[in-house]
Amino acid sequence: MENKTNPLLIQKGDASRIPLFLLHDAGGTVSNYYKLENVGRRIYTIHNPWSKSQTRWNGGSMKLVTEYIKLIQSVVPSGDILVGGWSLGGQLGIDIGRVLALNPKSRLRVIGVVMIDTVYPYWGPPDVIHAEFPADIVLKNCPPDMRAEMIRCMKWSKEDSDAWVSKNWKTEDLDGVEGTVPSPAVLLLANKYVPIASPKTNSKCMVDYLRHARAGWDLFPHQFIAAVWEIPAHHFGLFEKDM
């Protein structure tokens, strides 16, 4: 289920509580968030407005961050907010909070980031061989046109994430956005590995490469994760009740 409205209010909740903005995954979609039970606060989703484009957006992940800050301000112009999302959504939420913190004129403040199995997007040295992408799990029941859109969007998002890691690698000379400590975060961490086609090999799905190390966040230069809650599911099964 997708909607052209951006941001889209999917849970009304208690208007007196801090609203939560859930950002899209690498495929650009927000459909999994409709499966969430009522959390008692307003929840808005933001999908990738360029997901149907045949040409890649310019500006990398910061292009998305800048645009999404504008979208958030269109419905909540001031006050405290929570941001985050599944997979790539949590990574984007980190930078939304950092960009707002660096803007002295901003009337918005991210007080927390919700990372739903957001993986630090370092996939290992060039010689690492990952298991084949589990398309049948990730894209099951997707119409052919949407399947093509999601694969294209995932490819572009991976390229953006590779650049993001190079800017945020553990180093002493980070500055600007990369040098800013993110807002406190909670990491909802999948504690199972994605099923692979050839289980006899030692290869893992890319998203599981650093699962043993808090999904790789030990490599991040800032210690900002306040709590880790494990979920008995794999990365692509987090929203399924039978996982």
Side-chain angles (χ1 to χ4, degrees), residues 1-53 57 61-97 99-100 108-119 138-143 145-147 149-154 156-157 160-161 182-183 185-188 190 231 233 235-241:
M1 180 189 298
E2 297 296 341
N3 191 296
K4 294 182 179 179
T5 303
N6 222 10
L8 177 65
L9 180 65
I10 64 169
Q11 289 192 23
K12 293 183 177 180
D14 183 348
S16 67
R17 299 184 66 189
I18 297 170
L20 168 62
F21 288 84
L22 292 176
L23 311 166
H24 61 81
D25 55 33
T29 66
V30 295
S31 56
N32 278 317
Y33 301 140
Y34 289 89
K35 301 175 185 178
L36 294 173
E37 296 183 2
N38 194 310
V39 301
R41 71 176 74 239
R42 287 172 294 164
I43 295 183
Y44 295 89
T45 62
I46 295 179
H47 66 264
N48 187 330
W50 293 281
S51 62
K52 295 184 180 297
S53 175
W57 54 86
S61 61
M62 291 307 296
K63 168 71 172 178
L64 306 182
V65 167
T66 301
E67 180 66 20
Y68 299 166
I69 287 175
K70 295 177 184 176
L71 292 176
I72 292 171
Q73 290 171 328
S74 72
V75 292
V76 181
S78 63
D80 294 338
I81 58 172
L82 299 167
V83 297
W86 175 47
S87 200
L88 177 67
Q91 179 188 318
L92 293 171
I94 289 171
D95 279 348
I96 286 175
V99 169
L100 288 174
L108 272 180
R109 182 172 70 117
V110 173
I111 66 163
V113 180
V114 179
M115 300 163 63
I116 306 174
D117 207 52
T118 295
V119 178
V138 181
L139 303 173
K140 64 180 179 181
N141 302 323
C142 279
D145 56 341
M146 180 179 290
R147 190 183 184 101
E149 291 170 4
M150 291 179 65
I151 291 175
R152 184 171 61 242
C153 200
M154 286 181 203
W156 292 338
S157 295
D160 284 351
S161 291
S183 303
V186 294
L187 173 61
L188 307 181
I231 300 176
H235 182 79
F236 298 110
L238 287 167
F239 297 91
E240 307 302 325
K241 294 184 181 297

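What you are looking at is a predicted structure, and each value in this text was computed from that prediction instead of being measured.
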### Query
More than 12 heavy atoms of other residues, nucleotides or ligands under 6.0 Å from NZ of Lys52: is that the case?
no
#### Entry: Minimum heavy-atom distance between Ile18 and Arg41, given as atom pair plus value
O-NH1, 2.6 Å
### Task
For Pro7 and Val75, work out which heavy atoms get closest and say how close.
CG-CG2, 4.1 Å
### Of Thr118, Leu64, Asp160, Asp25, the residue whose pairing with Leu92 passes side chain to side chain contact (heavy atoms under 4.5 Å, CB included)
Leu64
### Query
Any donor-acceptor pair under 3.5 Å linking the side chain of Ser74 with the backbone of Leu71?
yes
### Message
Let me confirm one number: the CG-CG distance from Leu88 to Leu23, rounded to the nearest 0.5 Å.
### Response
8.5 Å
### Query
Shortest non-hydrogen contact from Ala185 to Met115?
CB-SD, 3.7 Å
### Backbone of Val110 reached by a side-chain donor or acceptor of Ser183 within 3.5 Å
yes
### Message
Closer than 3.5 angstrom, by distance alone: can the side chain of Gln11 be matched with the main-chain N or O of Val39 as a donor-acceptor pair?
### Response
yes
### Query
Just wondering, do Ile151 and Leu139 contact through their side chains at under 4.5 Å, heavy atoms?
yes
### Task
Evaluate the side chain to side chain contact (heavy atoms under 4.5 Å, CB included) criterion for residues Ile43 and Leu22: first the C-alpha distance (whole Å), next the side-chain angles of each, then the deciding distance (0.1 Å), finally the verdict.
CA-CA 7 Å; Ile43 295 183; Leu22 292 176; 3.8 Å; yes
## Note on the structure
Met150 and Cys142 have their tightest heavy-atom pair at SD-SG, 3.8 Å
### Task
Calculate, to the nearest 0.5 Å, the distance between atoms CZ and CG belonging to Arg109 and Leu100 respectively.
11.0 Å
### Query
Of Val113, Val65, Thr66, which is the lone residue that meets side chain to side chain contact (heavy atoms under 4.5 Å, CB included) with Ile96?
Val65
### Task
Using atom types as modelled and distance alone, determine if a side-chain donor or acceptor of Asp117 lies under 3.5 Å from a backbone N or O of Ala190.
yes
### Message
How close do Tyr33 and Ile10 get, counting heavy atoms only, and between which atoms?
### Response
O-CD1, 3.6 Å
### Message
Let me confirm one number: the CD-CH2 distance from Glu149 to Trp50, rounded to the nearest 0.5 Å.
### Response
15.5 Å
### Query
What distance do Tyr44 atom OH and Leu8 atom CG have between them, rounded to the nearest 0.5 Å?
10.0 Å
### Query
Taking all atoms of both residues into account, what is the closest heavy-atom pair of Ser161 and Gln91, and its distance?
OG-OE1, 3.4 Å
### Query
Out of curiosity, Ser87 OG to Ile116 CD1, how far, rounded to the nearest 0.5 Å?
10.0 Å
### Gap between atom CD1 of Ile81 and atom CZ of Arg42 - 0.5 Å precision
10.5 Å
### Message
Tell me whether Asp14 contacts the main-chain N or O of Gly40 through its side chain, where contact means a donor paired with an acceptor under 3.5 Å.
### Response
no
### Query
Do the ring centers of His24 and Tyr68 come within less than 6.0 Å of each other?
yes
### Message
Please check: side-chain N/O of Trp86 versus main-chain N/O of His235, any donor-acceptor pairing under 3.5 Å?
### Response
yes
### Query
With no hydrogens and no angle check, do the side chains of Asn48 and Trp57 hold a donor and an acceptor under 3.5 Å apart?
no
### Ile46 and Val30, any side-chain heavy atoms less than 4.5 Å apart
no
